[in-house]
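One structure is given below, encoded as structure tokens.
Below, all heavy atoms of this structure are taken into account, side chains as well, without hydrogens, waters or symmetry copies.
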Amino acid sequence: MKVVIPAAGLGTRFLPATKSQPKEMLPIVDRPIIQYVVEEAVAAGADDILIVTGRGKRAIEDHFDQSPELARWSDLPELRHLEELSQRARLHFVRQREPNGLAGAIECARRHTGNEPFGVLLGDTINVCDPPLLKQLWKRHLATHASILAIEPVPDEKVKDYGIIGGPEIEPGVFRCDRLVEKPALKDAPSRLGITGAYVLEPAIYDAIDRTAPGVNGEVQLTDALQLLAREHPVYAVTFTGTRYDIGDRYLWIKTNLEFAMRSPELRARLRPVIESLVRESIPPRT
């Protein structure tokens, strides 16, 4: 399976930390976000991964490259795992010349994926699923030979931050998309089902992207291209088993770090009293 990972965003919500460091290289405990995403793709069966980067993102490529400076520590489990990860799938990199939307990033993969269906995972979202999320989507794709989107319910106040789908539920958790809207106002949303950023796409998506005009924020939105595709070919949206960690802003990044750190017995034991102390200090004294 070929998988495309768009990682060309500017990361403006993390400035100034992301002025010279890719958002995707921010750590979650002891690994950068992008490594979790690659691990997820490999666990789903990906053997060919294209990461779409942009200006100032060279650190992503360097992370998965060999490091002569660290050769003396190559037997460390953390580095050995990273080297094994880089060998389990061929990693390729292409640069998006300008940040013009998720559809623009996907379009950069046209020559790489050719006429094959391919998976997409966002470079700033971690999915902890069993089986892996892309494997769940791929199973549905094999049954339908159509493009498949992962969705989950979102609260009313978050609708404006998502691509939202509408359409009949043809079986439990499976929807035939007839309307897809990027970041709609609540009153204009066709449902409360948000696109989470994991896809299996048919190659017909490229023609749809070519015919999609710029939308929200003046960018070519993948949701708009999928709306065009859905008028001509079946497009399905499915709920999934597992947990999605969106790392789109500082709060979500800190929250994800805490949740992942608490999975480690050592860190959990050391962090619990610190967190409890902070919570006690934040409670106003009784009067």
Separation between CG (Asn257) and CG (Leu26), nearest 0.5 Å, reads 9.0 Å

Taking the six-membered ring for Trp, are Tyr36 and Tyr245 ring centroids under 6.0 Å apart? no

Kindly give the heavy-atom pair with the smallest separation between Thr125 and Glu40, and that separation in Å. O-OE1, 4.4 Å

Output, in order, the C-alpha distance, side-chain angles, deciding distance and verdict of side chain to side chain contact (heavy atoms under 4.5 Å, CB included) for Ile170 and Tyr236. CA-CA 10 Å; Ile170 59 175; Tyr236 296 96; 3.5 Å; yes

Is it the case that the side chain of Lys57 and the backbone of Gly9 share a donor-acceptor pair, with hydrogens and angles ignored and the cut-off at 3.5 Å? yes

Within the 4.5 Å heavy-atom criterion, are Gln227 and Arg179 side-chain neighbours or not? yes

Heavy atoms, side chains only, cut-off 4.5 Å: are Thr243 and Asn127 in contact? no

Does the distance from a Lys or Arg side-chain N to an Asp or Glu carboxylate O, for Arg110 and Glu107, drop under 4.0 Å? yes

Angle between ring planes, His141 versus His145, binned at 30° and 60°: parallel, tilted or perpendicular? perpendicular

Let me check something: do Leu193 and Leu222 share a hydrophobic cluster, defined by ILVMFWY side-chain heavy atoms less than 4.5 Å apart, either directly or through other members? yes

For Glu83 and Gln87, indicate whether the former's side chain and the latter's backbone hold a donor-acceptor pair under 3.5 Å. no

In the structure I gave you, are the side-chain heavy atoms of Val37 and Ile51 within less than 4.5 Å of one another anywhere? no

Ser147 side chain vs Glu202 backbone, donor-acceptor pair below 3.5 Å: yes

Between Arg31 and Glu39, does at least one N-O distance fall below 4.0 Å, as a salt bridge requires? yes

For residues Pro22 and Gly56, report the shortest heavy-atom separation together with the two atoms involved. CG-O, 3.7 Å

Ile151-Val235 co-clustered via ILVMFWY side chain contacts under 4.5 Å: yes

Compare every heavy atom of Ala261 with every heavy atom of Leu271, then report the nearest pair and how far apart it is. CD1-CB, 3.6 Å

Could you state the interatomic distance from CG (Leu50) to OG1 (Thr113), rounded to the nearest 0.5 Å? 8.5 Å

Assess whether a salt bridge exists between Glu259 and Arg263, defined as any Lys/Arg side-chain N lying under 4.0 Å from an Asp/Glu carboxylate O. no

Working for side chain to side chain contact (heavy atoms under 4.5 Å, CB included), residues Val238 and Leu137: CA-CA 8 Å; Val238 300; Leu137 300 185; 3.4 Å; yes

Presence of salt bridge, Asp48 and Arg90, under 4.0 angstrom: no

Supply the atom-to-atom distance Asp65 CG to Leu82 CG, rounded to the nearest 0.5 angstrom. 10.0 Å

Determine, using the 4.5 Å side-chain heavy-atom cutoff (strictly less than), whether Leu133 and Val174 are members of one ILVMFWY cluster. yes

When you compare the side chain of Leu134 with that of Leu121, does any pair of heavy atoms fall below 4.5 Å? yes

In this structure, is the centre-to-centre distance between the rings of Tyr199 and Phe118 below 6.0 Å? no

Given the rule in the salt bridge (charged side-chain N to carboxylate O under 4.0 Å, His left out) test, do Arg270 and Glu266 qualify, once you have shown the distances and angles that lead to the verdict? CA-CA 6 Å; Arg270 298 177 69 180; Glu266 177 208 353; 3.3 Å; yes

When you check the gap from the basic side-chain N to the acidic O, do Arg211 and Glu232 get nearer than 4.0 Å? yes

Tell me if a side-chain donor or acceptor on Thr18 pairs with a main-chain N or O of Gln21 at a distance below 3.5 Å. no

To the nearest 0.5 Å, what is the distance between CZ on Arg58 and OG on Ser20? 15.5 Å

Less than 4.5 Å apart, any side-chain heavy atom of Val38 and any of Val3? no

Taking all heavy atoms of Pro234 and all of Ala146, pick out the closest pair and write down the distance. O-CB, 3.4 Å

One pair to check against side chain to side chain contact (heavy atoms under 4.5 Å, CB included): Ile106 and Val120. What are the steps and the verdict? CA-CA 8 Å; Ile106 297 298; Val120 175; 3.8 Å; yes

Between Leu201 and Phe175, is there shared hydrophobic-cluster membership here, with clusters defined by ILVMFWY side-chain heavy atoms closer than 4.5 Å? yes

Donor-acceptor pair between Gln35 and His63 side chains, under 3.5 angstrom: yes

To the nearest 0.5 Å, how far apart are CD in Glu219 and CD in Glu182? 9.0 Å

As an exercise, state the distance from CD1 of Ile165 to CZ of Arg192, rounded to the nearest 0.5 Å. 12.5 Å

Please determine whether residues Val200 and Leu229 belong to a single hydrophobic cluster, defined as Ile, Leu, Val, Met, Phe, Trp and Tyr linked transitively by side-chain heavy-atom distances below 4.5 Å. no

For Phe64 versus Ser86, what's the shortest heavy-atom pair and its separation? O-OG, 3.3 Å

Are Asp124 and Trp253 side-chain neighbours, meaning at least one heavy-atom pair lies under 4.5 Å? no

With side chains defined as the heavy atoms from C-beta onward, is the minimum distance between Ile254 and Thr256 less than 4.5 Å? no

Can a donor-acceptor pair be found, under 3.5 Å and without considering hydrogens, that links the side chain of Gln136 to the backbone of Pro131? yes

Quick one: does Thr241's side chain get under 4.5 Å of Cys129's, heavy atoms only? no

Please find the pair of heavy atoms, one from Ala225 and one from Ala208, that lie closest to each other, and give the distance. O-CB, 3.5 Å

Flag yes if more than 12 heavy atoms outside Arg111 fall under 6.0 Å of its CZ atom; otherwise flag no. no

Crowded around Asp156 CG? As in, over 12 foreign heavy atoms under 6.0 Å? yes

If we ignore hydrogens and angles and just use 3.5 Å, is the side chain of Lys2 paired with the main-chain N or O of Gly119 as donor and acceptor? no

Could you walk me through whether Val181 and Thr223 pass the side chain to side chain contact (heavy atoms under 4.5 Å, CB included) test, one step at a time? CA-CA 6 Å; Val181 186; Thr223 304; 5.6 Å; no

